[in-house]
Amino acid sequence: MAPVSDEEIAGEATDAEEWTNWSGSVSFEPDRILEPESESELQEIVRRCVEADRTVRVAGAGHSWTPVVETEDVVVSLTNMTGVVDHDPEAKTATLYAGTTLEEAGTELHDRNLALPNLGDVTMQTVAGAFGTGTHGTGPEFENLAGSLVGGRMVTGTGEIREFSAEDDPDLLRAARVSLGTLGIFTELKLDLQTTYKLQRREYCTSWRECRDHLPDLIEENRNFDCYWYPRSDEVKLRLLNAPGGGTDHEDLSYATLVEDQTGWWQETIPEHDDIGREFDEMEYAVPIEDGFDCLEEVRERVRENWRADVGWRLLVRTVAADDAMLSTEYDRDVMTISCIQNAELEHWPYFEDIEPIFNEYDGRPHWGKKHTLRAPELGELYPEWERFQEIRSELDPEGVFVTEYLEELLGATTTDDERSDETRTTERVEGEP
């Protein structure tokens, strides 16, 4: 990449490109989409954005339904900063470039006899993007994916390089694990890993009544468990992942019909939906596990009463272990996550807005990358270390170069210039989003 000119950063060039997220629900045209090839080039971009009073946001794979990347100024892609930096087979750690996708990480780590403890359904996300929004898989013993982060490097809002680790600055690490790209632009991420492993994946179909009656045992007895409830049929798909031959005994699932049984390496077996149709919208909340079953029943009843004829997709139910990341939806509590999914061709906001108050009643925290209506005043009440996170953010990005209008509303952060007009700084939301 050639050096970035002042004209480019100031947005005076005319060859802007459109940026679109994975589902097509977020689309905007920044002044520049830049693809640095080194940390020093990334530093230059940030410094010039500060000087030119512009914002810069990092785009991962775009696997998000919120305008967290959207800016009228500069979007940075880390496409050229991927792969394994180094690894330690004895310590079971590896450092990855931040632009590496989870799919690439799975292959690269497995080739080195290493593995992440868990994954979600989709692996198209970049490692930095997945960590930054609190992406998770399922399983009562597993934190969200950012729980594997033990150190790294970032370019701060002043263009300086900041290294961080649990030993040197535990607060910064806890803030960085789920930070929406507001502390800095990650360049390298050090992960705590384990030896590569195989899993057996079994899927069953059953009725809602049978699923409900066995749900606590299914969660407790299996390494990874989740389920889909289909509103129109009132049927459920159960998904169990365990070490081969482990988990709930097949004979104990006499109430369900086996539809899939496969065994393979972790990075091949845990993900499922990389090829799924992308035209859908999603809202997900994490509620305390002890309230999860009641919340799920209430959500299900509301869907059946008001939305059964209108909802074309399903509810997804998962569990995630507690952690201490400041903005993690699992901060200091084990949770059940409940996702409402709707076809993109159908209206989603009336449906989501009808269900969302139920989650709020159960002290739910919304997934940072999925649809919700909460903003800083409500979100601040849900996170005990909210103010500490803001202190760290202000230290690392004193001029607000990473803060857009959407993020200001979301986090209560300040933009780079309080006097910039709405005409020049408006960040438009997704059509129909409150």
Side-chain angles (χ1 to χ4, degrees), residues 60 63-66 68 98 102 116-120 125-152 154 164-166 169-184 186 189-192 224 226 282-292 295 318-339 359-360 362-372 374-376 378-393 396 407 410-413:
H63 190 273
S64 176
W65 288 267
T66 61
V68 67
L102 290 172
L116 285 160
N118 207 9
L119 285 170
Q125 310 102 312
T126 63
V127 176
F131 288 6
T133 54
T135 296
H136 60 88
T138 187
E141 303 299 321
F142 297 97
E143 299 177 5
N144 67 38
L145 302 191
S148 296
L149 181 64
V150 294
M154 70 172 83
F164 60 95
S165 69
D169 194 336
D171 268 12
L172 176 54
L173 176 63
R174 295 192 304 111
R177 280 178 171 158
V178 181
S179 54
L180 297 169
T182 62
L183 304 185
F186 292 132
L189 299 172
K190 184 177 181 180
L191 309 183
D192 184 27
N224 308 105
D226 61 29
E282 184 172 353
M283 173 178 69
E284 178 185 276
Y285 270 76
V287 300
I289 189 64
E290 60 270 19
D291 298 325
C295 181
R318 296 182 281 183
T319 57
V320 191
D323 62 47
D324 64 355
M326 294 179 185
L327 293 192
S328 169
T329 52
E330 292 76 49
Y331 179 90
D332 201 30
R333 67 189 193 188
D334 298 330
V335 304
M336 176 181 288
T337 66
I338 304 171
S339 298
F359 294 132
N360 296 335
Y362 285 92
D363 198 26
R365 295 170 180 158
H367 190 296
W368 294 106
K370 300 178 183 181
K371 303 283 191 180
H372 64 91
L374 302 193
R375 294 299 182 261
E378 301 93 352
L379 291 166
E381 296 296 319
L382 296 172
Y383 292 92
E385 294 196 75
W386 182 265
E387 294 302 326
R388 178 61 181 139
F389 178 86
Q390 301 297 348
E391 291 172 0
I392 294 172
R393 189 209 62 79
L396 297 180
L407 288 169
L410 197 69
L411 300 177

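Because the structure is a prediction, the values reported are computed rather than measured.
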Going through the checks in order, is the side-chain contact (heavy atoms from CB on, under 4.5 Å) test met by Lys370 and Ser339?
-> CA-CA 9 Å; Lys370 300 178 183 181; Ser339 298; 4.2 Å; yes
Using modelled atom types only, decide if a donor and an acceptor are shared between the side chain of Asn224 and the backbone of Gly139 within a distance under 3.5 Å.
-> no
What salt bridge (Lys or Arg N to Asp or Glu O under 4.0 Å) pairs are there with at least one residue in residues 327-337, not counting sequence neighbours?
-> Arg333-Asp363
Could you give me the CA-CA distance, side-chain angles and deciding distance for Gln125 and Leu145, then say whether side-chain contact (heavy atoms from CB on, under 4.5 Å) is met?
-> CA-CA 12 Å; Gln125 310 102 312; Leu145 302 191; over 6 Å; no
Are Leu180 and Leu410 side-chain neighbours, meaning at least one heavy-atom pair lies under 4.5 Å?
-> yes
Within the distance-only criterion (no hydrogens, no angle test), does the side chain of Ser165 pair as donor or acceptor with the backbone N or O of Gly151 below 3.5 angstrom?
-> no
What residues form a ring pair (Phe, Tyr, Trp, His ring centres under 6.0 Å) with Phe389, not counting sequence neighbours?
-> none
Side chain of Ser328, backbone of Asp324: donor and acceptor closer than 3.5 Å?
-> no
Anything under 30° is parallel, anything over 60° is perpendicular, the rest tilted; go ahead and classify His367 against His136.
-> tilted
Has the side chain of Thr66 got a donor or acceptor atom that lies under 3.5 Å from a matching backbone atom of Lys371?
-> no
Pairing residues for Pro384 by the side chain to side chain contact (heavy atoms under 4.5 Å, CB included) criterion, not counting sequence neighbours | Tyr331, Arg365
Counting only heavy atoms not in Glu391, do more than 12 fall under 6.0 Å of its CD?
-> yes
